[in-house]
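Structure, as structure tokens:
Given the structure is predicted, the values throughout are model-derived calculations rather than measurements. Naming: A, B, ... by sequence-line order, numbering from 1 per chain. Only this structure's heavy atoms are used, side chains among them; waters, hydrogens and symmetry mates stay out.
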Number of protein chains: 2
Amino acid sequence: MDEIKGNELRGHLETMVLSVLERGEAHGYEILQRLEDAGCGALKLKEGTLYPALYRLEGLGFLAARWEANEESRRGPRRRNYRLTRKGTAELARRRASWRSFVTIIGNIVEA
Amino acid sequence: MDEIKGNELRGHLETMVLSVLERGEAHGYEILQRLEDAGCGALKLKEGTLYPALYRLEGLGFLAARWEANEESRRGPRRRNYRLTRKGTAELARRRASWRSFVTIIGNIVEA
DNA sequence: AATCACTACCCAGTGTGTCTAAATATATAG
DNA sequence: CTATATATTTAGACACACTGGGTAGTGATT
């Protein structure tokens, strides 16, 4: 199973991010790990790819973010937690539909 | 069924081209039409997108091209015919496998 | 003959989004 | 004190699809 390169990912990463946030809010680094875990070793995203995507999604109003409050149980670098907004949930539904249509159409061509 | 935008297509167009050429050689404009026909109205490629892809694939040795000889039955603008090379056929197999892995992995994430 | 529509190819410039690669910061283990 | 893991940030490079134009031959319409 070879690696999924950047070009193939284009236009789908945001949908993936929205999807993993559907199962609960998470901070950036955690999203990265959720994606990698789900990627069967084929997905090797770097921070420099994910964070700009998060900023875009936040800017579009699909995600809301807040700095995690200090907890005594955990001292470490501050984290920024992201969650789906209502708008983001609706967008996810649209992008899922778009993903399916993409797979169907391109698949029809590629799977001759 | 909304349109498939450019970013989603990235990294897949070449696979699509190799695929349509599997059913027989064709010139650029015809490839464009085959893709559009198979696209259920969602694929609107322009020449400026396809031709550079053809040049890339030719440069990589996956396609061979020749100017179509003048035929008495058809007089019109010259056509450049493309066909899969042996190398191109092997590459198509690889890219198909890659496409399937892509759909599986991204699909797993997106289809929650 | 002039214009239009269709076929067919070519190309320069633009833009988006992922990649590379590095910097910053805190906590724990050796 | 250094290394490792966590966690965020950003600058710069680059690939590739897009926009929107251009050339040219042919047949049909005006």
Taking only residues two or more places apart in sequence or in another chain, which ones pass ring-ring contact (aromatic ring centres under 6.0 Å, His included) with A:H12?
-> A:W99, A:F102, B:F102
Residues which pass salt bridge (charged side-chain N to carboxylate O under 4.0 Å, His left out) with B:R95, listed by chain and number, not counting sequence neighbours | B:E14, B:E91
Mind checking side-chain hydrogen bond (donor to acceptor under 3.5 Å, both in side chains) for A:E22 and listing every partner two or more places apart, or none if nothing turns up?
-> A:R96
Please give, in whole Å, the distance from C:dC19 P to A:L45 CG?
-> 6 Å
Under 3.5 Å, which donor-acceptor pairs link side chains of residues 37-55 of chain B to any protein atom two or more places apart or in another chain?
none

Could you state the atom-to-atom distance from NZ of B:K44 to P of D:dT19 in whole Å?
-> 12 Å
Proximity to DNA chain C (any heavy atom under 4.0 Å), residues of residues 18-35 of chain B only | B:H27, B:G28, B:Y29
A:S19 (side chain) donor-acceptor with A:T15 (main chain) under 3.5 angstrom | yes
For B:N7 and D:dC16, give me the distance from atom CG to atom C1', rounded to whole Å.
-> 9 Å
Pairs flagged by salt bridge (Lys or Arg N to Asp or Glu O under 4.0 Å) wherever residues 103-112 of chain A is involved - sequence neighbours left out | A:E111-B:R100
Salt bridge (charged side-chain N to carboxylate O under 4.0 Å, His left out) with A:R83: which residues, sequence neighbours excluded?
-> none
Counterpart residues, side-chain hydrogen bond (donor to acceptor under 3.5 Å, both in side chains), relative to B:E58 (two or more places apart) | B:R80
Salt bridge (charged side-chain N to carboxylate O under 4.0 Å, His left out) with A:E25: which residues, sequence neighbours excluded?
-> A:R66
Contact list for DNA chain D against residues 8-15 of chain B - heavy-atom distance below 4.0 Å = B:R10, B:G11, B:L13
Between A:N81 and B:I4, who's closer to the 5' end of DNA chain D by nearest nucleotide?
-> A:N81
If you look at every heavy atom in A:W67 and A:R78, which pair is closest and at what distance?
-> CZ3-CG, 3.5 Å
Close residues, residues 49-60 of chain A, relative to DNA chain C [heavy-atom separation under 4.0 Å] = A:T49, A:R56
Atom-pair distance (CG on A:L43; C1' on C:dC19), nearest Å = 14 Å
Under the side chain to side chain contact (heavy atoms under 4.5 Å, CB included) rule, collect the residues that match up with B:R10, sequence neighbours excluded.
-> A:N7, A:R10, B:N7
To the nearest angstrom, how far is A:R80 atom CZ from C:dA25 atom C1'?
-> 17 Å
Side-chain atoms of B:W67 come closest, of D:dT8, D:dC16, C:dC10, to C:dC10
B:E47 side chain, from C-beta outward: closest of C:dT16, D:dT8, C:dC9 | C:dC9
Calculate the interatomic distance between B:M16 atom CE and D:dA17 atom P; express it in whole Å.
-> 10 Å
